[in-house]
Structure formats: C-alpha cells, structure tokens
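Mind looking over this structure? Questions follow.
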Amino acid sequence: MNATALATPKAPVYISIPLESVPTVVALPYSLYVRLGEKYILLRNIGDELSLERHSQLVEKRVDSLYVLEDEWGAFVGSLETALSTLGSEVPSEQAAVSARNVLFAYWKTIEQKRSIQTQMLGDLQDIITKLSLAVRLDEGLAAKMVRRYSDPNLYFANHSVNTCVYSMALGVHIGLKRDDLQDLAFAASLANIGNIRIAPEILYKPGPPTKEEWDVLKKHPKEGETLLKLLLVPNRIHLAVGQHHENFDGSGYPRGLQGEEISQFARVIALAEAFSALISPRPWNGALTGPKAIEMMQTMKGRFDPRILNMAVSR
Ligand SMILES: [Fe+2]
C-alpha cells in the first residue's frame with residue numbers, strides 16, 4: 001500500500017454565500033448547497049439553474065444563505081464579475097450596483113477564508129470599489145438600498161465590511177468628497193477590519209459574547225490592519241484610516257486615544273459607518289436594531305463620533 005492510499009480524503013469545505021448573489025434562470029457554473037443542521041444538501045448541480053419559483057420558496061422559508069464548495073469558489077466569483085459588466089459610465093441600475101456589492105462581498109469572503117490578502121487582490125478590490133463609488137456618486141440613494149442584513153453568522157464579517165464601505169460612501173458623498181477622495185475612503189472602509197485575519201478564529205467566531213481578555217484581543221484589529229496594509233504599500237491615508245477607525249472624537253477610543261481632528265476625516269466617517277453596520281446586524285450577544293433605532297442609539301453615544309458628521313448622518 002502506498003502513501004497516497006493511506007491519505008485520508010480531504011473533507012469538502014463549504015463557503016456561505018448570500019441567496020441574492022445567485023442569479024435565477026441561468027446555468028450555474030458551480031454547484032449549490034443548502035445547509036440542514038450539520039449536513040450540506042446538494043440543491044443544484046453545475047449546469048443547472050435556480051428557477052424563480054425555487055428562489056421565491058427559499059425566500060419564503062427565510063433562507064438567506066446558500067453554500068458553494070471551496071473548490072468551486074473561483075467559478076462563483078467569476079460569475080459575479082461577469083454580472084458586473086453591466087456597470088458602465090451610464091447611470092447605473094440598482095441591479096448593476098447590487099452586482100458590484102456582491103463582488104465586493106465575495107472578495108471579502110475570500111480574504112476571510114484564506115486569512116490573507118495579496119497586492120493583486122488589493123488591485124482587484126480597488127477596481128470594484130471604483131465602479132461602486134461611481135454608482136453611488138451618480139445615484140445618492142443607492143447606498144441605502146445596497147445595505148443588507150443577514151441573520152446567518154457565517155456571513156457577518158463580509159457583510160459588515162461591505163455595509164461599512166457602502167455607508168461610508170453615502171456619508172462621503174454627503175460631506176462633499178471629490179471622486180478620488182471618495183474612492184480612497186471606500187477602499188479604506190472596505191478594509192477597515194482586515195486586521196481580523198490576524199485574530200485567532202476561536203475568538204473571532206466565538207458563538208457568544210467575548211470575555212474581557214477576548215475583547216482586548218479583538219481591539220487589536222485596527223493596529224493589525226494598519227501594519228498589514230503598510231506592508232502592502234497602500235497609500236498613507238488609507239492605512240492611517242484603518243488604524244484609527246476605533247478612535248473616538250473625545251479621545252476615549254483605541255488604540256492611541258487620539259481626539260478631534262487628530263483623527264483623520266476618513267477614520268471619523270468610517271467609525272460612524274461601522275458602528276451603524278454593527279448595530280443593525282444581529283450578533284451572538286446582541287439583537288439587531290432597526291436603522292432609525294441605531295441612529296437614535298448613536299446619538300446617545302456622546303463624544304464617540306464627530307458631531308458634525310453625525311448630524312449629517314442623522315439628517316439623511
Ligand atoms: Fe473595526
């Protein structure tokens with residue numbers, strides 16, 4: 001018996017994706033699974049399509065996520081990128097912007113899965129964000145429509161990153177950022193929590209509230225992200241914003257206790273956007289708030305946010 005025969009077959013790895021990112025009535029270049037308890041059941045094979053009727057049934061059953069095999073992840077991302085070709089220089093349709101969102105989501109999921117990011121990937125991410133920020137500039141109401149809430153905790157980090165990015169863009173447009181500034185803000189916002197890939201999965205994905213010690217570890221993500229992006233040579237104002245996005249306007253934040261305008265404008269915008277995204281998403285220790293309730297709560301967090309930007313967020 002040779003070594004190959006002795007090797008244990010690798011268990012398949014399934015990656016969660018939002019139901020909305022699966023197109024209907026199109027031959028799928030990947031197979032699709034649903035999860036039942038600990039089991040994954042084949043829903044559609046490669047070459048099959050997801051009918052509108054089946055899609056509606058899943059929505060009715062409140063299924064918000066499906067699964068693809070890790071080996072077929074590239075085919076899934078590729079199919080999303082094809083859908084992006086509808087996003088041109090014309091005023092984008094909501095569907096085209098949702099395609100951009102889905103691609104951004106898939107990129108974040110890949111980073112989360114591989115727990116690493118390379119220069120090539122940063123370049124691809126930037127291309128998507130350029131398209132997405134163009135879409136948001138052309139249609140200011142688009143960002144609010146693109147924010148999604150998923151109840152599946154497996155979708156939390158990618159969803160949270162995309163929501164933070166989309167909300168930051170909406171605020172950026174509102175405070176009058178120019179095109180290049182808006183793109184850099186969106187890029188920084190989408191990477192704000194990249195430092196999480198340096199945090200032990202047992203702490204990051206713990207299905208319950210973190211202990212005091214675990215919070216201390218989680219609070220390292222801004223600094224870890226800044227260091228990682230510096231190594232990848234991203235522009236200064238982007239890694240600075242990532243490192244400062246948990247600083248509070250009154251100086252009570254972390255990691256450096258900066259205050260007021262010592263904190264970069266990008267970081268002050270991202271802080272608001274990230275807090276909003278976290279409040280509207282269910283966590284193991286917290287229920288999700290509605291948008292208006294989240295804004296109400298943020299207004300009570302005196303001193304945490306730049307009051308000028310908070311007022312703008314509230315008046316939206
Ligand atoms: Fe964060």
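Computed from a predicted model, the values in this text were never measured in an experiment. All heavy atoms count here, side chains included; hydrogens, waters and symmetry mates do not. Start at 1 and go down the list; that is how both ligands and their atoms are numbered.
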Point to revise | Interatomic distance, L32 atom CG to D48 atom CG [nearest 0.5 angstrom] | key: 9.5 Å
Exercise for review: Check the pair R148 / N159 against side chain to side chain contact (heavy atoms under 4.5 Å, CB included), numbers first and verdict last.
Suggested key: CA-CA 7 Å; R148 293 283 182 275; N159 185 48; 3.9 Å; yes
Check your understanding: Knowing that exactly one of K219, K223, E274, R256 qualifies, which makes a side chain to side chain donor-acceptor pair (under 3.5 Å) with H246?
Key ->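 The passing option is E274.
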Review point. Any donor and acceptor pair, going by atom type alone, linking the side chain of R101 with main-chain N or O of V162 inside 3.5 Å?
Key: no
Check your understanding: Given atoms OD1 of N193 and OE1 of E274, what angle do they subtend at the Fe ion (ligand 1), to the nearest 10 degrees?
Key -> 110°
Review point. When you measure from the Fe ion (ligand 1) to each N, O or S atom of H221, which atom gives the shortest distance?
Key: NE2
Point to revise | Contact check: T164 to the Fe ion (ligand 1), N/O/S below 2.8 Å | key: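 Coordinating: no.
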Point to revise | Closest approach to the Fe ion (ligand 1) by H246, given as the N, O or S atom name | key: NE2
